[in-house]
**Q** 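If you scroll down you'll find the structure; I have some questions about it.
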Amino acid sequence: MREIIIQKNDAGQRLDKFLLKYLHQMPESMLYKSLRKNCVRVNGKHVRDGGYKLSVHDVLTLYLRDEFFETDAGQAFRHITPALDILYEDEHLLLIDKKPGMVVHADEQQSVSLIDHIKSYLYRSGAYKPEEEHSFAPALCNRIDRNTGGIVIAAKTAEALRVMNQKIKDRELKKYYLCIVCGTLPQNEGTLKGFLFKDEKEKRVYIHQTPQPGAKTAITKYRVLAVKNGFSLVEVELVTGRTHQIRAHFASIGHPLLGDGKYGKNAVNKQYGYRGQALYSYKLTFAFQTDAGALQYLDGKTFQTEVPFLKTFDL
């Protein structure tokens, strides 16, 4: 048996969703079976409906085997020394300047990720106390490819995560990138539109000009800032945020990014010594169209960071 008192970061979510996160070891089917068998009480009353919305100070009593409460999952952050370039921080959010080469979440090639460094930093500062949390942990609101650098948003509270996820979905954040593309674009500014298909087996995407099964709309706005020595420095605004969108979009019109080994020109990359794409998420503007609750104070604010490849490539 385990008793849980619902705190602010747990409130507002469905009971079943909370339990799925809290009971790491329990299969989903078994969880719903436990609800039906009256193994879960809320404030002393049996609750079979997983849709019950949790409130602050609700008391959950779980009549389940101890094995379902035991887990060390997600605790790697306790054992690493955080290394972060923090662009901005307040009680709700962190803006991190992620360096190329770091993954945002652990994968087969790299076990320590950006989110591990963020959790470690917040844990050591006292802003994150995992022993007091039942279902929430600091989380990323957006992602950037391993070899792309730039601004990543991390939520320190459940409320901030909910708001940011909704604002990103509703396109109320403007995300700007700088990149170096091969050649001279036909227009100094424009909008690239297409349908992006992600091939999971090949781990790459393809841009089509007409709708395709499984493909999603991709819209990329761009503005040329400089042209020199056969390359163009381009500012990009992502309207949609698809996997590899910028890289694939420019490659599809014959102007791949410098250093892009997947969609670019390897001979050119080798000639100029670039092993990672010249692409950086350098500017972020909060442009809320609807109320943002506790994050309303961010409306209209812009954050910008330096772009390392501008120092090494003469453009």
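Start at 1 with the first residue, then count along the sequence. Since the structure is predicted, the reported quantities are computational estimates derived from the model, not experimental observations.
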**Q** Can L95 and V152 be said to form a side chain to side chain contact (heavy atoms under 4.5 Å, CB included), step by step?
**A** CA-CA 6 Å; L95 299 185; V152 176; over 6 Å; no
**Q** More than 12 foreign heavy atoms under 6.0 Å from NZ of K262: is that the case here?
**A**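 Correct, the count exceeds 12.
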**Q** Where is the tightest heavy-atom contact between H244 and Y263, given as atom of each residue plus distance?
**A**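 Looking at all heavy atoms of both residues, the closest pair is ND1-OH, 2.8 Å.
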**Q** Given 3.5 Å as the limit, does a donor-acceptor pair link the side chain of S55 with the main chain of D58, or not?
**A**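 Not a single qualifying donor-acceptor pair exists.
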**Q** Would you kindly confirm whether L35 and L60 end up in one hydrophobic cluster when ILVMFWY residues are joined by side chain heavy atoms under 4.5 Å apart?
**A**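 Linked within one cluster.
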**Q** Without swapping roles, check the side chain of Y128 against the backbone of Y121 for a donor-acceptor pair under 3.5 Å.
**A**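 No: the side chain of Y128 does not pair with the backbone of Y121.
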**Q** Would a single hydrophobic cluster contain both I253 and F195, if residues Ile, Leu, Val, Met, Phe, Trp and Tyr are joined by side-chain heavy-atom contacts under 4.5 Å?
**A**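 No: no chain of side-chain contacts under 4.5 Å links F195 to I253.
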**Q** Between K98 and Y280, which heavy-atom pair has the shortest distance, and what is it?
**A**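 Shortest heavy-atom contact: O-OH, 3.6 Å.
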**Q** Can you tell me how far CG of D85 sits from CD1 of I151, rounded to the nearest 0.5 angstrom?
**A**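 Taking CD1 in I151 and CG in D85, the distance rounds to 10.5 Å.
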**Q** Check each of R162, K53, K21 against Q13 using the side-chain hydrogen bond (donor to acceptor under 3.5 Å, both in side chains) test, and report the only one that passes.
**A**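 Among the candidates, only K21 passes.
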**Q** Is any side-chain heavy atom of S113 closer than 4.5 Å to one of V104?
**A**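 Side-chain contact under 4.5 Å: no.
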**Q** Can you tell me if K156 uses its side chain to pair, donor with acceptor, with the backbone of D90 under 3.5 Å?
**A**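 Looks like yes, one N/O pair under 3.5 Å.
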**Q** Same hydrophobic cluster for L64 and Y32, using side-chain heavy-atom links shorter than 4.5 Å among ILVMFWY?
**A**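 Hydrophobic grouping puts L64 with Y32.
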**Q** Measuring from atom CD of E91 to atom CG of L93, what distance do you get when rounded to the nearest 0.5 angstrom?
**A**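 Answer rounded to 0.5 Å: 9.5 Å.
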**Q** Between the main-chain N or O of H249 and the side-chain N or O of S252, is there a donor-acceptor pair closer than 3.5 Å?
**A**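 Indeed, once roles are kept as given, a pair shorter than 3.5 Å links the two residues.
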**Q** Measuring only between side-chain heavy atoms, which start at C-beta, is I6 closer than 4.5 Å to V42?
**A**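 No; the side chains remain at least 4.5 Å from each other.
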**Q** Determine, for Y206 and R204, whether the Lys NZ or Arg CZ falls below 6.0 Å from the six-membered ring centre while staying within 45 degrees of the axis.
**A**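 Yes.
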**Q** Could you check whether atom CD1 of I5 has more than 12 heavy atoms from other residues, nucleotides or ligands sitting under 6.0 Å from it?
**A**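 No, because the 6.0 Å sphere around CD1 of I5 holds 12 heavy atoms or fewer from other groups.
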**Q** Give a yes or no on this: more than 12 heavy atoms of other residues, nucleotides or ligands lie within 6.0 Å of atom NE2 of H208.
**A**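 Buried by this count: over 12 neighbours within 6.0 Å.
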**Q** Determine whether D299 and Q296 make a side-chain contact, defined as any pair of heavy atoms from C-beta on separated by less than 4.5 Å.
**A**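 Heavy-atom side-chain distance check passes, below 4.5 Å.
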**Q** Return the orientation label for the Y88 and F303 ring planes: parallel under 30°, perpendicular over 60°, tilted otherwise.
**A**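 Tilted.
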**Q** Could you tell me the separation between the CE atom of M164 and the CD atom of E159, rounded to the nearest 0.5 Å?
**A**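 If I round to the nearest 0.5 Å, the distance is 11.0 Å.
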**Q** Would you confirm whether S120, through its side chain, and I80, through its main-chain N or O, come within 3.5 Å as a donor-acceptor pair?
**A**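 Checked: pair present.
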**Q** For L54 and L15, what are the C-alpha separation, side-chain angles and deciding distance, and is it a side chain to side chain contact (heavy atoms under 4.5 Å, CB included)?
**A** CA-CA 6 Å; L54 296 171; L15 173 63; 4.1 Å; yes
**Q** Could you tell me whether the side chain of Y272 reaches within less than 4.5 Å of the side chain of N269, counting heavy atoms only?
**A**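 No, side chains not in contact.
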**Q** Can you name the nearest heavy-atom pair linking A278 to L257, along with the distance?
**A**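 What the structure gives for the nearest pair is O-CD2, 4.0 Å.
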**Q** Between Q212 and F197, is there a side-chain heavy-atom distance shorter than 4.5 Å?
**A**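 They are not in contact (no side-chain heavy atoms under 4.5 Å apart), so the answer is no.
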**Q** So that I can tick it off, tell me whether K167 and E172 are bridged by a salt bridge, with the cut-off set at under 4.0 angstrom between side-chain N and carboxylate O.
**A**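 Judged by the 4.0 Å cut-off on N to carboxylate O distance, E172 and K167 do form a salt bridge.
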**Q** Contact between V236 and L279 at the side-chain level, heavy atoms closer than 4.5 Å - yes or no?
**A**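 V236 does not reach L279 side chain to side chain.
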**Q** With a 6.0 Å cut-off on ring centres, are F309 and Y274 close enough?
**A**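 That pair fails the under 6.0 Å test.
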**Q** Determine whether a donor-acceptor pair (N or O, by modelled atom type, separation under 3.5 Å) exists between the side chain of T302 and the backbone of T285.
**A**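 Flag not set: sc T302 to bb T285 has no pair under 3.5 Å.
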**Q** Nearest 0.5 Å, please: how far is CZ in R242 from CG in L196?
**A**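 L196 atom CG to R242 atom CZ measures 7.5 Å (nearest 0.5 Å).
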**Q** Between V40 and L62, what is the shortest heavy-atom contact and its length?
**A**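 Looks like CG1-CD2, 3.8 Å.
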**Q** Short question: side chain of E235, backbone of Y176 - any donor-acceptor pair under 3.5 Å?
**A**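 Not a single qualifying donor-acceptor pair exists.
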**Q** One pair to check against side chain to side chain contact (heavy atoms under 4.5 Å, CB included): L192 and I207. What are the steps and the verdict?
**A** CA-CA 10 Å; L192 304 178; I207 300 290; over 6 Å; no
**Q** Shared ILVMFWY cluster between Y22 and M30, side chains joined below 4.5 angstrom?
**A**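 Yes, one cluster joins them.
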**Q** Check this for me, if you would: do K8 and D10 make a salt bridge, where the nitrogen-to-carboxylate-oxygen distance has to be below 4.0 angstrom?
**A**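 Salt bridge: no.
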**Q** Is there a donor-acceptor pair under 3.5 Å between the side chain of K228 and the backbone N or O of L233?
**A**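 No; judged by distance alone, with no hydrogens or angles, the pair does not exist.
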**Q** Which atom pair, heavy atoms only, marks the closest approach of Y297 to H92?
**A**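 That would be OH-CD2, 3.7 Å.
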**Q** So, the side chain of Q289 versus the backbone of A287: is there a donor-acceptor pair under 3.5 Å, distance only?
**A**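 Yes, Q289 side chain to A287 backbone: donor-acceptor pair under 3.5 Å.
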**Q** Should Y123 and I86 be counted in the same cluster of Ile, Leu, Val, Met, Phe, Trp and Tyr side chains packed under 4.5 Å apart?
**A**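 Y123 and I86: one cluster.
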**Q** Could you go through H117 and V112, starting from their C-alpha distance and side-chain angles, then the distance that decides it, and tell me whether this counts as side chain to side chain contact (heavy atoms under 4.5 Å, CB included)?
**A** CA-CA 8 Å; H117 283 271; V112 178; 3.6 Å; yes
**Q** Kindly compute the distance separating OH (Y177) from CG (L284), expressed to the nearest 0.5 Å.
**A**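 It comes to 9.5 Å.
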**Q** Quick check: do F286 and L173 have side-chain heavy atoms less than 4.5 Å from each other?
**A**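 Answer yes - side chains close enough.
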**Q** Donor-acceptor pair, H255 side chain versus C182 backbone, under 3.5 Å?
**A**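 Yes; judged by distance alone, with no hydrogens or angles, the pair exists.
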**Q** Between N9 and E133, does a side chain to side chain donor-acceptor pair (under 3.5 Å) hold up when you go through it step by step?
**A** CA-CA 8 Å; N9 278 333; E133 298 290 349; 3.0 Å; yes
**Q** State whether the number of non-hydrogen atoms from other residues, nucleotides or ligands found under 6.0 Å of K99 atom NZ is greater than 12.
**A**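 Counting other residues, nucleotides and ligands, NZ of K99 exceeds 12 neighbours.
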**Q** Count the heavy atoms of every other residue, nucleotide or ligand shown that sit under 6.0 Å from CD of E28, and state whether that count exceeds 12.
**A**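 Open.
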**Q** When you compare the side chain of Y222 with that of I246, does any pair of heavy atoms fall below 4.5 Å?
**A**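 A side-chain contact under 4.5 Å is absent here.
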**Q** Would you compute the distance between atom OG1 of T148 and atom CD of Q277 and round it to the nearest 0.5 angstrom?
**A**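 Separation between the atoms: 4.0 Å.
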**Q** Measure across L185 and S232 and return the closest heavy-atom pair with its distance rounded to 0.1 Å.
**A**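 Residues L185 and S232, closest heavy atoms: N-OG, 4.1 Å.
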